[in-house]
Amino acid sequence: MTVRAFFRLAVRDELWHNRSMKYLPALLCSCAAAWGALLHGEVRVWTLAEGKKAEGEYISVEKDKVRVLIKGREQSIKLASLSPEDREYVRVRRERELSPGSVHENNNFNARWPSSSAMEDKQKARAVQEKDGDFIYETSHFRFYSPARLSLGTVVEIGRIFEGTYSANLLIPLNPPCRRYEEDAEAKLPARLFLTKEAYAQATGGVHAGSAGLFNGTEVLVPFESLGIVKKGKVYAREPGARVDSQTLVHEITHQMTMFGAKTLSGKPYTLPIWYAEGIAEYVGVTPYRNGNLKFTGTRKALASYVIGGPGVSGRQLGAQFSSPPLRRFMEQSIQEYQSARGEAIQFNYGMSLVLFYYFAHIDGRGDAARLKRWMRALQNDECEPTDYGRLLDGRSWEQLEKEVARGVKSKLGISIDFEDA
């Protein structure tokens, strides 16, 4: 990147060409004030060796260049062109990112959004323990606790939906916590199976007795019935052709992929906003699934049908046009408020969360999830709190964002949203 290109991002072209630079200090101060109001984290004034300055947010360093967000655009700047103070800052940031436990080490924020996911061709399963009423089985990334003996072929079948969901989440470029299981071959994600629906209902407090599965904050809980497992002789095995509610299971497994063990760079646990947690789980859940593989190119069509619903169509049944509380109120609501809703209200919460996640991932800005990635990166890097949405707003007011969401969702999904007045 040239000095001229760098500097022109900080000042308007007409001022750059103006021989008199008397307005420059005021302009830079104005830019600083605006950025300071929008971003709360690693924002600084960068200085080129020639003395030119521009304010921007540090993103990452790659070999001999640093990536900086300036006026909403990511730019790569050669380290050699920066001041000694800036080069030292970048060096310290890099050391911090590569320290043990760093969320930035081997992150996938720069990866493209996947078009599909494919699990390993040959899934392996093994019995860890089969005695005294305790039966434990493992696949590549999961440990299953079962109340009865399972055939290994059944464990492979069960593992397909779990490992397939794991593989899909691994590819989503938002650096989910499950990525650390790629680095620790001994670590396993826990899942607990139940012989009867009654035992499952008791374990889930009765509230989710009719569900196909549930993530309880640590384990994914699933009754045998949801997996089509029946007794066959001395063992339990899958019934050929048995119906499996893969959408619900993928949804709950995605919760485990994106929430279990979520920690910031400093090791502090963080809790995702409820709209995001449910939105990404719904997103992966509605993505077309077959034999452990997910096809993200089919998500948009499946999502629209699922949210809108209709006769004979399973889904949230919100229709092609619906009203919504003010966007800020919806995105800032607590987990308790969100989950206490019943009937049509809870269906709306899930459907709206799905639409919002899709908007930020595929419609907002250039459709490249740039703002969503910046927010998630800052959250994981201790630079903002979960509901600090400055990076998602990116200079927009909540009213402006509402208009852009409504316009984008109408254009891409065929869904009309009428936001209520704040």
Side-chain angles (χ1 to χ4, degrees), residues 200-201 204-217 221 226 245 247-256 258-259 271-287 299-300 302-361 363-364 372 386-387 389 392 398-399 401-410 412-422:
Y200 171 72
T204 59
V207 179
H208 302 277
S211 65
L214 175 72
F215 173 62
N216 69 358
L221 313 180
S226 296
D245 185 355
Q247 181 171 328
T248 298
L249 292 177
V250 169
H251 176 116
E252 297 300 328
I253 298 166
T254 294
H255 276 321
Q256 189 179 44
T258 56
M259 298 167 67
T271 301
L272 294 167
I274 186 63
W275 72 267
Y276 176 91
E278 294 298 345
I280 190 171
E282 288 276 272
Y283 174 89
V284 183
V286 301
T287 297
T299 303
R300 184 174 71 171
L303 180 157
S305 175
Y306 177 76
V307 171
I308 294 171
V313 178
S314 63
R316 297 303 175 186
Q317 302 290 338
L318 301 188
Q321 182 173 358
F322 54 83
S323 61
S324 169
L327 185 57
R328 183 173 187 175
R329 185 191 306 169
F330 183 81
M331 291 176 64
E332 291 183 347
Q333 69 180 307
S334 68
I335 295 175
Q336 292 75 17
E337 181 183 0
Y338 187 104
Q339 295 182 335
S340 66
R342 295 290 181 267
E344 292 183 358
I346 191 64
Q347 295 299 324
F348 168 81
N349 283 348
Y350 283 109
M352 185 63 180
S353 297
L354 171 57
V355 169
L356 269 183
F357 180 83
Y358 188 90
Y359 171 81
F360 285 115
I363 302 175
D364 190 29
L372 186 61
T387 54
Y389 295 127
L392 283 179
W398 284 100
E399 292 75 17
L401 182 56
E402 285 181 349
K403 292 178 181 178
E404 292 186 19
V405 169
R407 183 168 58 248
V409 169
K410 175 64 175 177
K412 300 296 183 180
L413 299 176
I415 296 173
S416 297
I417 303 176
D418 299 317
F419 287 101
E420 299 169 358
D421 293 335

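Because only heavy atoms are used, hydrogens play no part in the values below, and waters and symmetry mates are left out as well, while side chains stay in. Just so we're clear, the structure is a prediction, and the values are computed from it rather than from any experiment.
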Tightest non-hydrogen contact, residues Ser323 and Glu420, listed as OG-OE2, 4.1 Å
* Parallel, tilted or perpendicular: which fits the ring planes of Tyr338 and Phe330, with parallel below 30° and perpendicular above 60°? -> tilted
task: On the 0 to 90° scale, with breaks at 30° and 60°, tag the Tyr358-Tyr283 ring pair as parallel, tilted or perpendicular.
output: tilted
CG (Leu318) and CD1 (Ile417) are apart, to the nearest 0.5 Å, by 9.0 Å
* To do: Measure the shortest side-chain to side-chain distance between Arg300 and Lys412 over non-hydrogen atoms and say whether it is less than 4.5 angstrom.
  => yes
What one should report as the nearest heavy-atom pair of Met352 and Ser324 is CE-OG, 3.7 Å
**Message:** Taking the side chain as everything from C-beta on, heavy atoms only, tell me whether Leu401 gets closer than 4.5 Å to Tyr359.
**Reply:** yes
- Side chains of Ile415 and Ile308: does their closest heavy-atom pair fall under 4.5 Å? yes
To the nearest 0.5 Å, atom CD of Gln339 lies from atom CD1 of Ile274 at 5.0 Å
Closest non-hydrogen contact found for Pro273 with Pro386 is CG-O, 3.5 Å
Quick check: do Val355 and Val307 have side-chain heavy atoms less than 4.5 Å from each other? yes
Between the CG atom in Leu354 and the OH atom in Tyr306, the distance rounded to the nearest 0.5 Å is 7.5 Å
**OP:** Evaluate side chain to side chain contact (heavy atoms under 4.5 Å, CB included) for Met331 paired with Leu356, printing each intermediate quantity in order.
**Re:** CA-CA 9 Å; Met331 291 176 64; Leu356 269 183; 3.9 Å; yes
### Flag side-chain contact, heavy atom, 4.5 Å: Leu214 against Tyr200
yes
Rounding to 0.5 Å, atoms CD (Glu344) and CG (Asn349) come to a distance of 12.0 Å
Residues pairing under salt bridge (charged side-chain N to carboxylate O under 4.0 Å, His left out) where one sits in residues 304-324, two or more places apart or in two chains, turn out to be Glu282-Arg316
Self-check item: Whether Phe360 and Trp275 hold their rings parallel, tilted or perpendicular, with breakpoints at 30° and 60°
Solution: tilted
Original post:
So do the side chains of Thr254 and Phe215 get within less than 4.5 Å of each other, counting heavy atoms only?
Top reply: no
Rounded to the nearest 0.5 Å, the CG atom of Leu327 sits from the CD atom of Glu404 at a distance of 11.0 Å
Value for CD1 (Ile335) from OG1 (Thr271), rounded to nearest 0.5 Å, stands at 6.0 Å
Would the distance check show the side chain of Ser340 and the main-chain N or O of Glu337 forming a donor-acceptor pair, the cut-off being under 3.5 Å? yes
Tightest non-hydrogen contact, residues Pro326 and Asp421, listed as CG-O, 3.5 Å
### Task
Look only at the side chain of Ser211 and the backbone of His208, and say whether a donor-acceptor pair between them is shorter than 3.5 Å.
yes
| query | Hey, is the main chain of Gln321 close enough, under 3.5 Å, to the side chain of Ser416 for a donor-acceptor pair? | reply | no
